[in-house]
Amino acid sequence: MRSIENAQVLVISGAGLEAFPAEVLGRAKSIIDASIQVPLLGCAEEHDHGHDDHGHSHEFDAHIWLSPENAMIMAENTCAGLTQQYPEKANIFQENLQELLLKLKNLQQYGEENLQTLSCREIITFHDGFAYLAHAFDLHILAALEEESGSEASAAELKELITLTKEHNLPAIFTEENGSDRSAKVIAEATGAKVYE
């Protein structure tokens with residue numbers, strides 16, 4: 001609260017990610033919402049099921065930065081907001097923006113080139129936040145399971161994930177660095193798929 005009150009500018013990802021009550025955001029002197037004009041995907045638009053306990057909006061998936069094209073829009077929004085707040089530094093913001101946009105364009109191109117020959121475009125993730133990444137690179141999320149240590153998948157969910165993995169001959173399952181990988185290891189053992197963090 002003190003940091004927000006003391007800051008000249010508060011930059012938020014937006015799209016419902018920040019779960020601050022209105023009175024908290026109301027303490028900010030100036031807010032830049034990086035999500036303006038970013039096309040939003042619904043929470044269930046790119047996958048069949050999932051659990052979301054992040055505490056942010058359930059209407060739209062707020063993980064918008066996982067698409068390089070969205071990240072470009074967010075960078076442009078941030079640059080415009082900072083330029084409005086600090087016009088004397090406009091040239092610096094614009095130079096930094098152009099450098100970042102080039103990196104993000106290269107990242108999009110890198111992903112497209114390296115993923116274009118995939119024989120399997122279906123994925124299972126252990127976080128319900130990769131719809132934008134999948135959309136950006138023409139991947140299809142079969143299932144997204146929100147899992148934390150102590151709240152692993154039920155036997156029924158594991159059975160469904162094992163069935164999906166076998167039906168689609170998935171070579172890999174992806175987990176999060178800070179998440180539990182217990183269920184992924186069970187699925188890998190039952191199907192032969194490899195687990196990648």
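In this text, all values refer to a predicted model and were calculated from it rather than measured experimentally.
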Applying side-chain contact (heavy atoms from CB on, under 4.5 Å), run through I64 and L40 and close with a yes or a no.
CA-CA 7 Å; I64 57 178; L40 301 179; 3.7 Å; yes

Does the side chain of E76 reach to within under 4.5 Å of the side chain of L101, using non-hydrogen atoms?
yes

Ignoring hydrogens and angles, tell me if any N or O in the side chain of K29 forms a donor-acceptor pair with the backbone of E5 under 3.5 Å.
yes

Could you go through the side-chain contact (heavy atoms from CB on, under 4.5 Å) check for L139 and F130 one step at a time?
CA-CA 10 Å; L139 303 172; F130 292 100; over 6 Å; no

Between atom CG of L97 and atom OG1 of T78, what is the distance when rounded to the nearest 0.5 Å?
9.0 Å

One pair to check against side-chain contact (heavy atoms from CB on, under 4.5 Å): L170 and I123. What are the steps and the verdict?
CA-CA 7 Å; L170 300 184; I123 59 175; over 6 Å; no

Using the rule that Ile, Leu, Val, Met, Phe, Trp and Tyr join whenever any side-chain heavy atoms are under 4.5 Å apart, tell me whether M74 and V9 fall into a single cluster.
no

Is the side chain of S35 donor-acceptor paired with the backbone N or O of V38 at a distance under 3.5 Å, no angle test?
no

Under a single-linkage definition using a 4.5 Å side-chain heavy-atom cutoff for Ile, Leu, Val, Met, Phe, Trp and Tyr, are I31 and I4 assigned to the same hydrophobic cluster?
yes

Approximate separation, where rounding is to 0.5 Å, of T83 OG1 and Q94 CD
6.5 Å

Side chains of Q116 and E112: do they bring a donor and an acceptor to under 3.5 Å?
no

Same apolar cluster: L158 and V195, side chain cutoff 4.5 Å
no

Which heavy atom of A62 sits nearest a heavy atom of A15, and at what distance?
CB-O, 3.5 Å

Considering all heavy atoms of both residues, which atom of A34 and which atom of N77 are nearest to each other, and what is their separation?
O-ND2, 2.8 Å

Using side-chain heavy atoms (C-beta onward) and a distance below 4.5 Å, is L118 in contact with F137?
no

Taking A134's backbone N and O only, do any of them form a donor-acceptor pair with R121's side chain (distance below 3.5 Å, no angle check)?
no

Is E99 paired with K103 through a side-chain N to carboxylate O contact shorter than 4.0 Å?
yes

Give me the atom names and distance for the closest heavy-atom approach of G14 to D33.
CA-OD1, 3.4 Å

Test log, rule side-chain contact (heavy atoms from CB on, under 4.5 Å), inputs R27 and L10:
CA-CA 10 Å; R27 294 174 185 251; L10 174 64; over 6 Å; no

Residues L161 and A143: closest non-hydrogen pair is CD2-CB, 3.4 Å

Distance (rounded to the nearest 0.5 Å) between L102 CG and L107 CG
11.5 Å

Report yes if the side chains of Y196 and P171 come closer than 4.5 Å at any heavy-atom pair, otherwise no.
no

If every non-hydrogen atom of A188 is compared with every non-hydrogen atom of A193, which pair is closest and at what distance?
CB-O, 3.0 Å

Sub-4.5 Å side-chain heavy-atom contact between S119 and N169:
no

Can you tell me how far CD of E157 sits from CD1 of I187, rounded to the nearest 0.5 angstrom?
10.0 Å

Look at the side chain of D61 and the backbone N and O of L41, then say whether any donor-acceptor pair between them is shorter than 3.5 Å.
no

To the nearest 0.5 Å, atom NE2 of H168 lies from atom OG1 of T191 at 13.0 Å

If hydrophobic clusters are built from ILVMFWY residues whose side chains come within less than 4.5 Å, do M1 and I12 share one?
yes

Measure the spacing between CD of Q98 and CG of N96 and express it to the nearest 0.5 Å.
10.0 Å

Side chains of L17 and W65: closer than 4.5 Å at any heavy-atom pair?
yes

What do you reckon, is CD of Q37 surrounded by more than 12 foreign heavy atoms closer than 6.0 Å?
no

Keeping E18 on the side-chain end and S13 on the backbone end, is there a donor-acceptor pair under 3.5 Å?
yes

According to a 4.5 Å side-chain heavy-atom criterion applied to Ile, Leu, Val, Met, Phe, Trp and Tyr, with indirect links allowed, do L115 and Y132 form part of one hydrophobic cluster?
yes

What closest approach, in Å, do Y86 and F93 show between heavy atoms, and which atom pair accounts for it?
O-CE1, 3.7 Å

So, does E69 use its side chain to make a donor-acceptor pair with the main chain of Q108 at under 3.5 Å?
no

